[in-house]
Amino acid sequence: MREIDSDPATEVAALYRRTWPRLIGLLVSIGGSRADAEEIAQDAYVKLLDHWDRIRRYDDPEAWVRAVAVRALISRLRRQQVAHRALARLTGRTADVQGPDGDALDMAAALARITPAQRAVAVMHYVMDLPIEQIADELQLPPGTVKSRLARARQALAPLLAVQEEVPDHA
């Protein structure tokens, strides 16, 4: 348990200053839009304020904010994908998907080609170096689901990044 200051506004302000840049970086990596990342993060901190009496006692309040924000962003990205497909069907146009562009392909473009759920676990695991169990806890998923999404993300990213994935002999 963490020691608790007497002024909640001071505690939240300190947490915000300490965690905002990391959270925005994570959300931009997952969603690609800084504007969306900032809006989602702002909403997560507002929710934090609503639950601060409980969250302030957590060992890692940042993990709570991160989990709320990542789940909200995944949900938003899924809704956008559904709306885009529906619009394409209504207008009779198909989505114009560009293939990889050789040397010009970068990690952000590759990440944009996988699902938001795969992107979230891949960034949280490989960029933020969070263990599978913590990702599962934060995203409220079974560890097996996190492992499955990581495997699918690696499989989808390998041809985009011209990476040869090594498969262990015991697999």
_One pair to check against side chain to side chain donor-acceptor pair (under 3.5 Å): Thr145 and Arg149. What are the steps and the verdict?_
CA-CA 6 Å; Thr145 300; Arg149 288 180 182 177; over 6 Å; no
*Steps toward side chain to side chain contact (heavy atoms under 4.5 Å, CB included) verdict (Arg66, Leu130)*: CA-CA 12 Å; Arg66 183 174 50 240; Leu130 297 178; 3.8 Å; yes
*Apply the test side chain to side chain contact (heavy atoms under 4.5 Å, CB included) to residues Ile132 and Leu150: give CA-CA distance (whole Å), side-chain angles for both, the deciding distance (0.1 Å), then the verdict.*
CA-CA 9 Å; Ile132 288 170; Leu150 281 172; 4.0 Å; yes
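Closest approach of Ala153 to Ile114, counting heavy atoms only: CB-CD1, 4.0 Å. For the pair Leu77 and Pro116, the tightest heavy-atom approach, listed with the atom from each and the gap, is CB-CG, 3.5 Å. Summarising the geometry of Ala120 relative to Val70, their closest heavy-atom pair is CB-CG1, 3.8 Å, with the distance given to 0.1 Å. Minimum interatomic distance between Leu15 and Pro61 (heavy atoms only, all atoms of both residues): CD2-CB, 3.9 Å. Scanning all heavy atoms of the two residues, the minimum distance from Ala67 to Glu138 falls at CB-O, 2.8 Å. Nearest heavy-atom pair across Ala37 and Ile24 is O-CD1, 3.7 Å.
Residues Gln134 and Asp137 fail the side-chain proximity criterion, which asks for heavy atoms closer than 4.5 Å. In this structure, the side chains of Val123 and Leu26 come closer than 4.5 Å at one or more pairs of heavy atoms. At least one side-chain heavy atom of Leu48 sits under 4.5 Å from a side-chain heavy atom of Trp52. Proximity of Val146 to Leu139: side-chain heavy atoms (C-beta onward) are nowhere separated by under 4.5 Å. For the pair Leu111/Leu157, a side-chain contact is recorded, criterion being any heavy-atom separation below 4.5 Å from C-beta on.
Atom CD of residue Glu62 and atom CG of residue Leu23 lie 7.5 Å apart, to the nearest 0.5 angstrom. Note that CZ of Arg78 is 10.5 Å distant from CG of Leu73, once rounded to the nearest 0.5 Å. The line from CD1 of Ile135 to CD of Glu133 is 9.0 Å long, rounded to the nearest 0.5 Å. Taking OG1 of Thr19 as the start and CG of Asp60 as the end, the distance is 9.5 Å to the nearest 0.5 Å. The distance from the OH atom of Tyr58 to the NE2 atom of His51 is 9.0 Å, given to the nearest 0.5 Å.
The aromatic rings of Tyr45 and Trp20 are tilted relative to each other, their planes meeting at an angle between 30° and 60°.
When atom types are taken as modelled, the side chain of Ser75 and the backbone of Arg71 share no donor-acceptor pair closer than 3.5 angstrom.
More than 12 non-hydrogen atoms from other residues, nucleotides or ligands lie less than 6.0 angstrom from CZ of Arg76.
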